[in-house]
Amino acid sequence: MLAKKVMRNGIGLNSRIREQIAIYRDWKELSAEFNDEEVQEILTDVRADLLESIRMKRNLEEIIMDNDNADQREILRLRYLYAATWAAIADELNDTVEWIKEQHKKALKKIHVEVTDFCEDCDCYAEESTETM
């Protein structure tokens, strides 16, 4: 399912962004010390990677927020942006794991069509295209 593949790109995204921020700060500090063209190029590349992750997070948040069901939004947010386990999500929403998984499945079905444009440049779009042929 394309939606699930796209949403999985968000698992651990917050952690990845924090790590990229730390890396960016390190390279920025080095670039201030050494006004070297190669260090500046590395800093530019690291910044571009960070911005790409931030854009991905924003896109995933927009996809999630388009869902009109508050529980489903929360399930998607916790699962894909915070990498929460099914049990943790069930505890958070005071419901059963089975209900959480059912709502998760319904939420993914709602976003299947919406994510096609979002995913054009990633690997999961290529996989989906070849699967349908």
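Numbering of residues begins at 1 and proceeds along the displayed sequence.
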Practice task
For Leu50 and Ile17, work out which heavy atoms get closest and say how close.
Solution key: CD1-O, 3.9 Å

Practice task
Answer with yes or no whether the hydrophobic clustering places Met56 together with Tyr82; edges join I, L, V, M, F, W, Y residues whose side-chain heavy atoms lie under 4.5 Å apart.
Solution key: yes

Fill in the blank from the handout: Minimal heavy-atom distance between Arg47 and Tyr24, with the atoms involved, is CB-CE1, 3.5 Å

Fill in the blank from the handout: Shortest non-hydrogen pair, Val97 vs Ala87, comes out as CG2-CA, 4.0 Å

Problem - Under-4.0 Å salt bridge between Lys110 and Asp68 - result: yes

Problem - Lys/Arg N to Asp/Glu carboxylate O, Glu74 vs Arg77, below 4.0 Å - result: yes

Fill in the blank from the handout: The reported gap from CZ in Arg73 to CG in Leu76 (rounded to nearest 0.5 angstrom) is 10.0 Å

Problem - Gln40 CD to Leu30 CG distance, which is reported to the nearest 0.5 Å - result: 10.5 Å

Handout entry: Heavy-atom pair of closest approach, residues Ala90 and Ile100
Key = CA-CG1, 3.7 Å

Exercise for the section: Treat each ILVMFWY residue as a node, draw an edge where side-chain heavy atoms are under 4.5 Å apart, and state whether Met65 and Ile54 are in one component. Expected result: no

Practice task
Taking only Lys NZ, Arg NE, NH1 and NH2, and the carboxylate oxygens of Asp or Glu, determine whether Lys106 and Glu102 approach each other closer than 4.0 Å.
Solution key: yes

Practice task
Find the distance between NE2 (His104) and CD1 (Ile75) and round it off to the nearest 0.5 Å.
Solution key: 8.5 Å

Handout entry: Considering all heavy atoms, the nearest Arg16-Ser53 contact
Key = NE-OG, 4.1 Å

Handout entry: Distance-only polar pair, side chains of Gln103 and Asp71, donor-acceptor under 3.5 Å
Key = no

Fill in the blank from the handout: Value for CG (Leu60) from CD (Glu62), rounded to nearest 0.5 Å, stands at 9.5 Å

Practice task
Starting at CH2 of Trp86, measure out to CH2 of Trp99 and round the result to the nearest 0.5 Å.
Solution key: 12.0 Å

Handout entry: Atom pair CD/OG of Glu37 and Ser31 - distance to nearest 0.5 Å
Key = 13.0 Å

Practice task
Find out if a path of hydrophobic residues (ILVMFWY) with successive side-chain heavy-atom gaps under 4.5 Å connects Leu43 to Leu51.
Solution key: no

Handout entry: Ile89 reachable from Ile111 in the ILVMFWY side-chain graph, under 4.5 Å edges
Key = no

Handout entry: Single-linkage hydrophobic cluster, 4.5 Å side-chain cutoff, Ile63 and Ile11 together
Key = yes

Exercise for the section: Output yes when a side-chain donor or acceptor of Asn14 lies under 3.5 Å from a complementary backbone atom of Leu81, and no otherwise. Expected result: yes

